[in-house]
Amino acid sequence: MNRWTAAALACVVLSPATAAEPDLMVTRAGTRTERAAAQQHFSGRATVDMLHVAAAPARASVGSVSFAPGARTSWHTHPLGQTLIVTAGIGQAQRWGGPVVEMRVGDVVHIPPQVKHWHGAAPGSAMTHLAISEALDGQSVTWMELVDQAPASAAPVAAAVAAPQPSRAQQLMGAMAPKLAQLTDDVLYADVWARPGLSPRDRSLITISALIAMNRPDQLRSHLTLGRANGLTQDEIAETLTHLAFYAGWPNAVTATGVARDVYIGKP
Ligand code: MN
């Protein structure tokens, strides 16, 4: 094989038939812009990270929607239905006239076409879900009234859900220190905990680690419960306790282990 034949062969090898196809498209984590969900269609704070927007003729789009505790969508329908996949926290969903269903990490909820429904976070937990919807004639959602504004006579179940439930902070502190309870709900949980910069799971792990290090068993108990809802496993908490024994002190880790045992396994 002479030099020119070799060069010609190399060109064939380097110019496969697929060269005209577009490259894979990668948007890196942290490079997308999360935006606040449209206030007129949501109750409470929610943010949307559009992971994929369909380009015609494709029509399936995927968004990651994060809800602060108790936040929810308005009533709405999807022309071709919608699939929700919970990735953090505890959520709720309801179709018009049906019961409220709880959804947890890994649960997949499918909403059929044109079924009126809402979805959002449970009152005591933030929640993030992936939402996969297909557009029909460019439209993937039809918004309706806020859940709280639903006429009571039309759907008694919906009215029962709309009744405000006291938050955990209100239950614990409301009678004694109502302003502190309100700040806990409005600033700490509805704002700081709902910020997209950290996942609910990572926020839980950080908070639990700090409470173990500071030896705060009362707050640790409720944050372990929240952390479990945000996806922290018993094995991960066991590893955290063992790790922190070396950094936060043996007695702190031993005290926290007793609290974690109560939450994850039950009182002996
Ligand atoms: Mn929906």
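Counting starts at 1 for both ligands and their atoms, following the listed order. None of these values were measured; they are calculated from a predicted model.
With His117 contributing its side chain and His76 its backbone, the two residues share a donor-acceptor pair below 3.5 Å.
The nearest pair of heavy atoms linking Pro69 to Gly124 is CB-C, 4.2 Å.
The Mn ion (ligand 1) has His76 NE2, His78 NE2, Gln82 OE1, His117 NE2, His119 NE2 as protein N, O or S atoms under 2.8 Å away.
Rounding to the nearest 0.5 angstrom, the gap separating the NZ atom in Lys116 from the OG atom in Ser74 is 10.5 Å.
At least one side-chain heavy atom of Ile265 sits under 4.5 Å from a side-chain heavy atom of Gln234.
A continuous path of Ile, Leu, Val, Met, Phe, Trp and Tyr side chains, each step under 4.5 Å between heavy atoms, connects Val141 with Val48, placing both in one hydrophobic cluster.
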What side-chain donor-acceptor pairs closer than 3.5 Å can you find for residues 29-42, not counting sequence neighbours?
| unit_1 | atom_1 | unit_2 | atom_2 | d |
| --- | --- | --- | --- | --- |
| Thr31 | OG1 | Arg28 | N | 3.4 |
| Thr31 | OG1 | Arg28 | O | 2.6 |
| Arg32 | NE | Asp49 | OD1 | 3.0 |
| Arg32 | NE | Asp49 | OD2 | 3.4 |
| Arg32 | NH1 | Thr27 | O | 3.3 |
| Arg32 | NH1 | Thr27 | OG1 | 3.2 |
| Arg32 | NH2 | Asp49 | OD2 | 3.4 |

